[in-house]
Novice: 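Have a look at this one.
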Amino acid sequence: MALFAGVIALLTEDRQGGRQRLPEAPPLSEERVLIRRAVEGDPLAFRRLFEDHAPPVRRFIGDLLRDDAAADEAAQETFVRAHARLASLRDDEKLLPWLFGIARRVCMEEQRARRRQPLAGERSAPEEVDPSLSPEGLLLSGESDRMLSTALEGIDEERRTALVLRIDHGLDYGEIAAVMGWPAAKVKNEIHRARLELRARLGKYVGGV
Amino acid sequence: MHPCDRERLMEWFDGELEPDEAAAMESHVAGCEGCRGELAWLRAEQELMTQRRAAEPPMNPAVWRAVTERVHAPAKRPWWSMSPLTALFGAMAVAAGLIVMVGRGDAPVPSVRPSVPSPLAMPAPANQRKRDPWATLDRAEREYRDALAVLEAEYREHRGRLPPATAARYDRNLQRSRRAVDTASQIARDDVDGRLALFDGYQEYMRSLELVVAELPHQVNQ
C-alpha cells in the first residue's frame, strides 16, 4: 500500500526538514540509496553495504585487537549492531566513520571482557630516529608489511587508533574526533605523537638490518 | 609559529590547513631541506600503509554468514517471556500467521464485508463453517495494536531523558506515522484487501518504532 511505502523514511528523512519538499532535495548518492533500502528491510542492499565496508572495518578492528579470530567476531558484532541502528544514521553522516565508531566501542568491550591491558608493559616514549635511516631505505627494505604491523603494535592503543584512522582509512581530523570522542586539538596532537613513535619504531627495525 | 613546525607540516600534509596557510607552507617546504626530509617520511609512512592494504588477505566469508544469521535469527523463547521489545515481535509473528491463514482462505473471502449472506454462495466445507475471516482479521489487528502499545510504552519510558530536540523530532514523526495507520485502518474497515495491506503498514510502522526504541539508549547517553 502506497500509504505505507515511506513510513520508515518518515522517521529519518524528516530530519532533513520534511519529505514534502522532495523535488528540491539533492540526488541521493548510491550509498545513501543503499542505506535507505537496507533500512526498509532490503537484505541485498545491506549485503552491498557490508561488502563495500567490511574490509576496512575488519582491518581497523584487526589493528585494535591484533587477534584474527577476535577481530572476525568483533567485525560480525559491529555489522549486527550497525544493521539494528542503521535508521539512526543521519543524512549528513558518512557511513564508514559511523561504522568505525561502532567498531571501536565493540573492541573496547572485547578488551574489557578479556581484562587485558593492551601492551601495557611494552609502551615507551618515542625514541630518536636513527639519523642514518632514510624513508627511501625503509620502503626498499622488504617485509614492510610485517615491520609496519609490528611497529604499530607498540604504540599506545588510543593513539594508534587515531593514527590508522588517518593514514590508513583517510578520515579527516573532524571525523576522527567524532569516532574517538576527542576535541580536534587532541586529535592533531595524538596523531603527531603517533607518527613520531611509528617512525622511531620503524627506524629501530630498519636500523638493525 | 616557527616555519619548521613539524606538527604544522603534518597538518598541511593531511590537508587540514586553510588555503592561505597551505600556500605559505608549500612555499616554505620548497626551500627548506629539513621540512622536505620530514615530508618524505610522511609520504613513506603513507606508502607503507598502502602496501599493507594491498597485501591484505580477503575477508573471511564466515563473518558475513554469521552476520546474516544473527540479523535474521528467529526468537527461541516464548514471546511472552521476553522483554517488551522482543515480545513485540512475537506478537507480530502471531499476527502474521493469522494473516497468512486468512489470506490462504480455504473458503472464499469476500472483497467487501457482506451485510446479508448471498443465497448463491456455495456452502463452505464442514470443517471451515465456523471460521469467520472478519473476526480473524479483527483479531490480527488487535494483536498488532497490542504490540504497538508495548513499544509505545517503551518509548514513553525513555522519552523524558532524551535531548528535547530529539524527543520533539521523534514525537512529530511517530504521531504522523500513527495517524496514517489509524486513518488507513478506518478506511479499510470493510475491504479485505485493504485490511491485508494495512497489516503490511503495521509491520513497517512497528519496525520503524523498533528502530527508534533501539536507538533510545544511545540518544539518552549522548
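No hydrogens, no waters, no symmetry mates; every other heavy atom, side chains included, goes into these values. Since the model is a prediction, treat every value here as computed from it, not as a measurement. Proteins get letters first, then strands, A, B, ... in listed order; numbering begins at 1 in each.
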Novice: How far apart are the C-alpha atoms of A:R195 and B:W41, what are their side-chain angles, what is the distance that settles it, and do they pass the side-chain contact (heavy atoms from CB on, under 4.5 Å) test?
Specialist: CA-CA 9 Å; A:R195 275 179 161 136; B:W41 266 112; over 6 Å; no
Novice: Need one label for A:N189: side chain, backbone, both or neither, based on atoms under 4.5 Å from any heavy atom in chain B.
Specialist: both
Novice: How close do A:I167 and B:R53 get, heavy atom to heavy atom, and via which atoms?
Specialist: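 Closest approach of A:I167 to B:R53: O-NH1, 4.5 Å.
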Novice: Can you name the residues of residues 94-102 of chain A that have some heavy atom under 4.5 Å away from a heavy atom in chain B?
Specialist: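 Result: none.
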Novice: Taking every non-hydrogen pair under 4.5 Å, which of B:Q46, B:E7, B:M59 racks up the most with chain A?
Specialist: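 Of B:Q46, B:E7, B:M59, B:E7 has the most heavy-atom pairs under 4.5 Å with chain A.
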Novice: Report, in residue-number order, which members of residues 52-60 of chain A are under 4.5 Å from chain B by heavy-atom distance.
Specialist: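 The stretch touches chain B at A:A54, A:P55, A:R58, A:R59.
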Novice: Heavy-atom distance under 4.5 Å between the side chains of B:V71 and A:F79, does that happen here?
Specialist: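 With C-beta onward as the side chain, the pair stays apart.
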Novice: Would you check, one step at a time, whether the test salt bridge (Lys or Arg N to Asp or Glu O under 4.0 Å) holds for B:E45 with A:R166?
Specialist: CA-CA 11 Å; B:E45 288 159 3; A:R166 174 60 224 157; over 6 Å; no
Novice: Could you tell me whether the side chain of A:L196 reaches within less than 4.5 Å of the side chain of B:R6, counting heavy atoms only?
Specialist: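 They are in contact (side-chain heavy atoms under 4.5 Å apart), so the answer is yes.
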Novice: Looking only at heavy atoms, what is the nearest atom pair of B:M10 and A:H192, with distance?
Specialist: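 B:M10 and A:H192 have their closest heavy atoms at SD-CA, 3.5 Å.
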Novice: Checking A:L163 against B:M49 for the side-chain contact (heavy atoms from CB on, under 4.5 Å) test, could you report, in this order, the C-alpha distance in whole Å, the side-chain angles of both residues, the deciding distance, and whether it holds?
Specialist: CA-CA 11 Å; A:L163 180 68; B:M49 201 59 88; 5.6 Å; no
Novice: Hey, which residues of residues 12-19 of chain B are touching chain A, say heavy atoms under 4.5 Å apart?
Specialist: B:F13, B:D14, B:E16
Novice: Looking only at heavy atoms, what is the nearest atom pair of B:N60 and A:D72, with distance?
Specialist: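 Answer, listing the atom of B:N60 first, then A:D72: ND2-OD2, 2.8 Å.
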Novice: Hey, are the side chains of B:V67 and A:F46 touching, using non-hydrogen atoms and a 4.5 Å cut-off?
Specialist: yes
Novice: Please rank A:D68, A:I191, A:V164, A:T78 by heavy-atom pairs under 4.5 Å with chain B and give me the top one.
Specialist: A:I191
Novice: Relative to chain B, which segment of A:E73 carries a heavy atom at a distance below 4.5 Å: side chain, backbone, both, or neither?
Specialist: neither
Novice: With the side chain counted from C-beta on, respond yes when B:W64 and A:E51 share a heavy-atom pair under 4.5 Å apart, and no when they do not.
Specialist: no
Novice: Where does A:L198 contact chain B at under 4.5 Å (heavy atoms): side chain, backbone, both or neither?
Specialist: side chain
Novice: Of all the residues in residues 168-182 of chain A, which have a heavy atom that comes within less than 4.5 Å of a heavy atom in chain B?
Specialist: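 Against chain B, the residues of residues 168-182 of chain A that fall inside the cut-off (heavy atoms, under 4.5 Å) are A:D168, A:D172, A:Y173.
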Novice: Any non-hydrogen side-chain atom of B:E38 less than 4.5 Å from a side-chain atom of A:R199?
Specialist: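 When only atoms from C-beta onward are counted, A:R199 and B:E38 do touch, with a gap below 4.5 Å.
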